[in-house]
Amino acid sequence: MSDPLRHHGGNLAAARARYGDGPWLDLSTGINPVPWPVPVDLDVDLGPLPDPSLLADLETAAAAHFGLVPEQVCAIPGSEMGLRLLGQLLGGSAYHRVPGYRTHGAAFADSLPLSADGPVSGDAALLLANPNNPCGTLRDRAALEAMLAERTAAGGWLIVDEAFADAHPEASIAPLVNDTRRLIVFRSFGKFFGLAGLRLGFVLAPRLILARYRALLGDWPIDATALAIGTRAYRDRAWIEATRTALSARASTFDRLLETHGLLPGGKSPLFRLASHPDAAAIFERLAQAHILVRPFDYAPRWLRFGVPADAAALDRVDRALRHG
């Protein structure tokens, strides 16, 4: 059985079982630690079934944020679910880029791993993340457009997981989604907005593909709370722009801290950093003993992924744990 702390981030239950209870600092995910402030006056009626107009409002607000028309947007209970349904809804063979998000390998039956620059054979679909998770590598939109042209010419699909793309709108290929392109994009609400427990995501795709998702998900795929919060959050342009600036500043500050401890940070996502170190296992243990959880990897023992801390107090806690270990 694989180590649960190396399987994915956010497994505080396993961390507590191994290292004890206490005030944990969870830096094992790339979830924004300063979430969108849910209004105290948010009025959600949980009595009736959600009105279909509320789902339409959410998809319209999200589409505007993605630079897309609402007809190409389908809300789902988390992008993880959307990815896991993809293979049975789309069919065909597929490749997934590695290293990458673990679920990508499970999206299609018998999907084949492919290195970052490896060629795709035949008319298979190609699934990748931009920015990549866990490496944080960011491909510009021109590179993605070239991939889309190549897959289209071969009769395949390009599928881009943009779970961390809200901080990089200029690199998103989402605005190119339409009924004539063989392009599918996934977006996550919880990471950038810091509300992962809401379980809200989106599939951006040709309407034929979205119809298959809607038929499988049924009439009320999104609960009333997620509908209300998601709609208001996507329309909060001031918070979104301020958060993009704040995330970048916090990531730069964190980079300097990591470098002082011999950890060279990599990647361009301001929500997380990947560091490589020959003593990564010992560093993980030192942090865990201080009740700071970061992400180790079963397939890359020199790697540690750090979520970017929220504030000076969290930075100081990491600094002290690394310094006094």
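In terms of hydrophobic clustering, with Ile, Leu, Val, Met, Phe, Trp and Tyr side chains grouped at heavy-atom distances under 4.5 Å, V160 and L112 are assigned to a common cluster. Hydrophobic clustering of Ile, Leu, Val, Met, Phe, Trp and Tyr side chains at less than 4.5 Å, counting indirect connections, keeps L158 apart from I209. L210 and L176 are not part of a single hydrophobic cluster, where members link through side-chain heavy atoms under 4.5 Å apart.
Using a distance-only test at 3.5 Å, with no hydrogens or angles considered, no donor-acceptor pair links the side chain of E59 to the main chain of L54.
No hydrogens or angles considered: a donor-acceptor pair under 3.5 Å links the side chains of D319 and H261. There is a side-chain donor-acceptor pair under 3.5 Å between H65 and D166.
Other residues, nucleotides and ligands contribute only 12 or fewer heavy atoms inside 6.0 Å of the CG atom of D43.
Side-chain rings of F202 and F66 approach one another, their centers coming within less than 6.0 Å.
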* Step by step, work out the side chain to side chain contact (heavy atoms under 4.5 Å, CB included) result for V38 and L195. => CA-CA 10 Å; V38 178; L195 298 169; 4.1 Å; yes
* F192/W36 under ring-ring contact (aromatic ring centres under 6.0 Å, His included): CA gap, chis, key distance, verdict -> CA-CA 9 Å; F192 179 78; W36 182 75; over 10 Å; no
* To do: Determine, stepwise, if the pair V308 / L247 fulfils side chain to side chain contact (heavy atoms under 4.5 Å, CB included).
  => CA-CA 8 Å; V308 176; L247 286 173; over 6 Å; no
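Relative orientation of the F189 and F193 rings is parallel, given thresholds of 30° and 60° on the angle between their planes.
By the 6.0 Å and 45° rule, R232 does not stack over the aromatic ring of Y234.
Here CG of D161 is found 8.0 Å from OG of S188. Values are rounded to the nearest 0.5 Å.
Scored by the side chain to side chain contact (heavy atoms under 4.5 Å, CB included) test, A143 finds R139, D140 as partners (sequence neighbours excluded).
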